[in-house]
K.L.:
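Supplied in structure tokens, the structure appears directly below.
Excluded from the calculations below are hydrogen atoms, water molecules and symmetry mates; all remaining heavy atoms, backbone and side chain alike, are included. Positions are given from 1, in the same order as the sequence printed here. Whatever order the structure lists them in is the order used to number ligands and atoms, beginning at 1.
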Amino acid sequence: MKDTLKKNDPIGVFDSGIGGLSILKVAQSKLPNQTWIYVADEAFLPYGDKSSEDVRNRAQVITDFFLSKNVKAILIACNTATAAAIDFLRKKHQEMLFIGVEPAVKPAANITNTKVIGILATGSTTESNRLIKLVERFSKEIKVIIQPCPGIVELIETGDYKSYSAKKLIESYLEPMLTQKADVIALGCTHYFFLTQIIQQIVGKSVLLLDTSEPVITELQHQLSINDLISKTSTQKPEFWTTKNLNVKRHNFERAWGEPIEINYLGVKKSD
Ligand code: DGL
């Protein structure tokens, strides 16, 4: 099925913005010889307040771009886009390898002592059939508090998430989980990785935060390996692309990545 894919071809990774960089970092360190192409769909950010049809259209446009770059796999480094588009993309492009991320509901359900877990995610993810089904499978024995977090992704993108008002907003989303004694919280949006410290300070050390970067890269590694697609030689630096115009300064993007980067403009159409 995947026999047109080649070891030394790049891997496409995308998110609406900088959230997926948290996953790309782990990807680079665990799979050091792969070549990466990262797309931040910033012109359409946030995905979390869009309909699943709109997000699916964006995922298709970015997939087309990756296909034009001959990628060997596409990593959807975004819970919202995974929920809205991965089934559709897998069906439509059966020759391509797609890996997605979703909130760590199963691991959280296995670890909890209080039998109460929380999920922080975007509005679109919390309303998705994919998450609803996932939660149904695990909510027989435990209570699952699903919390949409409007406004948070925008704060992370602008770097304003350390302000007093940002902290108050984050606290308000965590409050129902604390009141109901959740002891594990799944970070169901890749942007929230950048809030780990702040959230941990609010909820205290006894609450475990689960991020999905490590497991998703383990899965990517596994899929590449069983399809004999792990390159042992490519060592080029990642390529970065954004759909937003390049005149805007991107200090926050570089801060999130950890070093200066060159960003290319991807002038894709508004809809397909
Ligand atoms: N980082 C994305 C996620 O994991 C979505 C953020 C957005 O709303 O654009 O869901």
K.L.:
Enumerate the atoms of ligand 1 whose separation from the nearest heavy atom of His191 is less than 4.0 angstrom.
P.N.:
1 (N), 2 (C), 6 (C)
K.L.:
Taking both backbone and side-chain atoms of Asn79, is any N or O found less than 3.5 Å from an N or O belonging to ligand 1?
P.N.:
yes
K.L.:
Is it the case that atom NZ in Lys69 sees more than 12 heavy atoms from other parts of the structure closer than 6.0 Å?
P.N.:
yes
K.L.:
Give the residue and atom name of whichever protein heavy atom lies nearest to atom 7 (C) of ligand 1, and the separation in Å to one decimal.
P.N.:
Tyr47 N, 3.2 Å
K.L.:
Going by side chain to side chain contact (heavy atoms under 4.5 Å, CB included), His191 matches just one of Val153, Asn79, Leu155. Which one?
P.N.:
Val153
K.L.:
Counting only heavy atoms not in Glu259, do more than 12 fall under 6.0 Å of its CD?
P.N.:
yes
K.L.:
Of the options Lys72, Lys7, Lys6, which is the one that meets Asp228 in a salt bridge (Lys or Arg N to Asp or Glu O under 4.0 Å)?
P.N.:
Lys7
K.L.:
Students should be able to answer this: which protein heavy-atom is nearest to atom 10 (O) of ligand 1, and at what distance?
P.N.:
Thr80 OG1, 2.5 Å
K.L.:
Give yes or no for whether the N/O distance cutoff of 3.5 Å, strictly under, is met between Gly48 and ligand 1.
P.N.:
yes
K.L.:
Please could you name the atoms of ligand 1 that Cys189 approaches to less than 4.0 Å, counting only its heavy atoms?
P.N.:
1 (N), 2 (C), 3 (C), 4 (O), 5 (C), 6 (C), 10 (O)
K.L.:
Which of the numbered atoms in ligand 1 are under 4.0 angstrom from any heavy atom belonging to Ser16?
P.N.:
5 (C), 6 (C), 7 (C), 9 (O)
K.L.:
Taking the side chain as C-beta and beyond, is there a heavy-atom pair between Thr125 and Tyr47 under 4.5 Å?
P.N.:
no
K.L.:
With nothing but distance in play, are any N or O atoms of Thr122 less than 3.5 Å from an N or O of ligand 1?
P.N.:
no
K.L.:
Is it the case that Gln34 and Trp36 place a side-chain donor and acceptor less than 3.5 Å from each other?
P.N.:
no
